[in-house]
Amino acid sequence: MELKAKAKINLTLDVLYKRPDGYHQVEMIMQTLELADILHIEESEETQIICNHPFVPEGQGNLVYKAVEELKRYCNIDKNVKIHIEKNIPVAAGLGGGSSDCAATLKGLNKMWNLGLDDDTLEKIGLNLGADVPFFIKGGTQLAQGIGEKLTPLPSPPPMWVVLGKANMGVSTKEVYSNLNLENISKRPNTQSMIKAIETGDIKEICNNLCNVLETVTLKKYSTVRNIKNRMAQMGANGVLMSGSGPTVYGLCNTYDKAVRIAKNLETLTEEVYVTKFC
Ligand code: ATP
């Protein structure tokens with residue numbers, strides 16, 4: 001069985017407060033992209049996870065291994081699989097690669113083992129693996145609230161090309177959240193305005209409403225990330241924002257030609273540049 005695990009970007013990301021259990025209460029609109037990892041799953045004597053990326057652990061350290069174990073435990077199943085992950089999504093980049101691989105694994109095994117679990121159940125199991133995993137069960141465009149588990153599907157925005165520029169470093173999501181000073185945030189997303197812009201298909205308003213409070217941490221710390229963002233804006237991207245905790249910055253473009261022109265120019269700042277689209 002071959003599965004696609006799409007990347008995501010955050011069109012908005014707001015952190016409302018830190019909960020007593022240590023999690024952050026968030027409100028964010030996420031959008032999946034065509035850029036995707038490919039997972040090959042086959043029955044096997046024992047569970048094995050293999051990945052072609054040097055920074056992604058194989059075996060038990062991989063998030064996908066935990067997804068297999070969690071599903072087996074939930075459904076009381078004694079079967080094993082070999083999963084080969086072809087990594088195309090940059091790692092530790094704010095693009096949700098590991099979470100998406102987990103969701104794809106849950107969906108794939110649900111089919112392969114004829115478990116008949118509905119999306120709500122897969123989202124519930126996914127939440128035990130990571131706060132962003134439930135979003136990837138359906139993907140598309142969704143509002144995520146709570147710690148990420150309260151999901152509201154939104155209509156698809158108009159098609160847009162997306163340039164991704166990743167500075168040459170990985171960013172720890174945990175570290176960014178722990179350095180976030182909630183009292184120091186001057187600009188927050190207007191989530192309702194963004195929803196309205198998406199519903200009416202207003203590209204200009206979508207671009208005006210892009211906002212991510214985690215930029216206050218990552219952009220402040222890394223000049224390369226700031227430079228990538230500034231360059232995308234200078235080059236005429238319709239909207240620019242950092243995704244998740246970074247360090248990837250994306251530029252939304254209304255034409256493919258513009259996206260390619262920006263991507264080419266960005267290559268003077270960083271090697272990791274991609275052109276993809278909403279999907
Ligand atoms: P998020 O924004 O959800 O934190 P991210 O895109 O910033 O995600 P990931 O690419 O998911 O980050 O990687 C986070 C860490 O998890 C990396 O340090 C990586 O080594 C580890 N990891 C374990 N399994 C995987 C996997 N299947 N894919 C990617 N990373 C994995």
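Note that ligands are numbered from 1 as they come in the structure, with each ligand's atoms numbered from 1 the same way.
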Original post:
Which ligand 1 atoms, with their elements, are less than 4.0 angstrom from a heavy-atom of G97?
Top reply: 6 (O), 11 (O)

Subject >> Proximal ligand 1 atoms for D132, defined as those under 4.0 Å from one of its heavy atoms >> reply: 3 (O)

**OP:** Going by the side-chain contact (heavy atoms from CB on, under 4.5 Å) test, name the single residue among V176, N212, N179, L13 that passes it with S245.
**Re:** V176

**OP:** Between I83, D37, L63, flag the one that comes closest to atom 23 (C) of ligand 1 by a heavy atom.
**Re:** L63

**OP:** Check ligand 1 against K87 and write out every atom of the ligand that is under 4.0 Å from a heavy-atom position of the residue.
**Re:** 28 (N), 29 (C)

Original post:
How close does the nearest protein non-hydrogen atom get to atom 21 (C) of ligand 1, and which residue and atom is it?
Top reply: P57 CD, 4.2 Å

**OP:** Tell me which one of V91, I89, I49, T173 gets a heavy atom nearest to atom 4 (O) of ligand 1.
**Re:** T173

Original post:
What part of D101 sits under 4.0 Å from ligand 1 if we count only heavy atoms: the side chain, the backbone, both or neither?
Top reply: side chain

Original post:
Between K87 (side chain) and P54 (backbone), is there a donor-acceptor pair under 3.5 Å?
Top reply: no

Original post:
For T47, does its backbone N or O pair with a side-chain atom of S44 as donor and acceptor, under 3.5 Å?
Top reply: no

**OP:** Answer with yes or no whether G244 contacts ligand 1, where contact means a heavy atom under 4.0 Å from a ligand atom.
**Re:** no

**OP:** Just need the protein heavy atom nearest to atom 20 (O) of ligand 1, so name the residue and atom and give the distance.
**Re:** F55 O, 2.9 Å

Original post:
For the side chain of T121 and the backbone of L117, is there at least one donor-acceptor N/O pair under 3.5 Å apart?
Top reply: no

**OP:** Check each of P54, G96, A104 against atom 6 (O) of ligand 1 and report the one with the nearest heavy atom.
**Re:** G96

Subject >> Heavy-atom protein neighbour under 4.0 angstrom from atom 18 (O) of ligand 1 >> reply: no

**OP:** Examine distances only and state if a side-chain atom of N62 and a backbone atom of P57 form a donor-acceptor pair shorter than 3.5 Å.
**Re:** yes

Subject >> Protein heavy-atom partner closest to atom 7 (O) of ligand 1 - residue, atom, separation in Å >> reply: G94 N, 3.0 Å

Original post:
If you count the atoms of ligand 1 from 1 in the order shown, which ones are under 4.0 Å from a heavy atom of G98?
Top reply: 9 (P), 10 (O), 11 (O), 26 (C), 28 (N), 29 (C)

Original post:
For atom 13 (O) of ligand 1, what is the nearest protein heavy atom, given as residue, atom name and distance?
Top reply: A92 N, 3.6 Å

Subject >> Heavy-atom closest contact (K6 atom, F136 atom, distance) >> reply: O-CE2, 3.2 Å

Please output the side-chain donor-acceptor pairs of residues 266-279 that fall under 3.5 Å, not counting sequence neighbours, one pair per line with the distance.
unit_1	atom_1	unit_2	atom_2	d
T268	OG1	R231	NH1	3.1
T268	OG1	N265	O	2.7
T270	OG1	K166	O	2.6
T270	OG1	E272	N	3.3
E272	OE1	Y274	OH	3.4
E272	OE2	K166	NZ	3.2
T276	OG1	E34	N	3.4
T276	OG1	L35	N	3.1

Original post:
Is atom 15 (C) of ligand 1 less than 4.0 angstrom from at least one protein heavy atom?
Top reply: no

**OP:** Go through the side-chain N and O atoms of N52 and E86 and say whether any donor and acceptor fall under 3.5 Å apart.
**Re:** no

Original post:
Is a side-chain donor or acceptor of S243 paired with a backbone partner of G246 at a separation under 3.5 angstrom?
Top reply: no

Subject >> Geometric N/O contact G61 with ligand 1, under 3.5 angstrom >> reply: no

Subject >> Contact atoms of ligand 1, heavy-atom distance to S99 under 4.0 Å >> reply: 3 (O)

Original post:
Of L33, N10, I228, L210, which meets side-chain contact (heavy atoms from CB on, under 4.5 Å) against Y250?
Top reply: L210

Original post:
Just by distance, do the side chain of K72 and the backbone of K79 share a donor-acceptor pair under 3.5 Å?
Top reply: yes

**OP:** For atom 27 (N) of ligand 1, grab the closest protein heavy atom and report residue, atom and distance to one decimal in Å.
**Re:** N62 OD1, 2.9 Å

